[in-house]
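Input: a single structure, listed below in structure tokens.
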Amino acid sequence: MLKNILTGHLQVGEQSLRPEASLEDAGIDSLAIAELDLLLAEHGVTIGEDRLASVTTVRALDQLVDEHLAGR
């Protein structure tokens with residue numbers, strides 16, 4: 001789900017989504033984080049913009065979303 005949101009809605013290049021890449025290197029800025037928070041909420045995943053912004057890599061973002069998916 002996260003990959004689809006990032007590559008589809010936020011137009012992040014799939015090649016940028018290497019697990020070790022920083023969010024900045026992947027093209028995920030603060031505006032994208034805010035939009036991601038809204039898009040995740042539409043899918044029933046409520047994390048919060050501050051928490052999303054606290055992770056630094058694509059892997060950490062994926063793990064955070066997975067944790068919230070597992071807990072709902």
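- A distance of 10.0 Å separates OG1 in Thr56 from CG in Leu61, rounded to the nearest 0.5 Å.
- Taking CD of Glu49 as the reference point, atom CG of Leu38 lies at 7.5 Å (rounded to 0.5 Å).
- Within the 4.5 Å cutoff, no side-chain heavy atoms of Leu10 are placed close to those of Ile28.
- Taking 4.5 Å as the limit, every side-chain heavy atom of His68 sits out of range of all side-chain heavy atoms of Leu40.
- A pairwise comparison of heavy atoms in Ala26 and Leu17 identifies CB-CD2, 4.4 Å as the closest pair.
- Put simply, CG on Leu69 and CG on Leu2 are 9.0 Å apart, with the number rounded to the nearest 0.5 Å.
- The nearest pair of heavy atoms linking Ile33 to Ala53 is CG2-N, 4.0 Å.
- Put simply, CD on Glu67 and CG on Asp62 are 10.0 Å apart, with the number rounded to the nearest 0.5 Å.
- Scanning both residues, Ala21 and Ser16, for their nearest heavy atoms gives CB-O, 3.7 Å.
- Of all the heavy atoms in Thr57 and Glu20, the pair that sits closest is CG2-O, 4.1 Å.
- A distance of 11.5 Å separates OG of Ser30 from CG of Leu23, quoted to the nearest 0.5 Å.
- Proximity of Val58 to Asp25: side-chain heavy atoms (C-beta onward) are nowhere separated by under 4.5 Å.
- To the nearest 0.5 Å, atom CG of residue Leu36 and atom NE2 of residue His9 are 10.5 Å apart.
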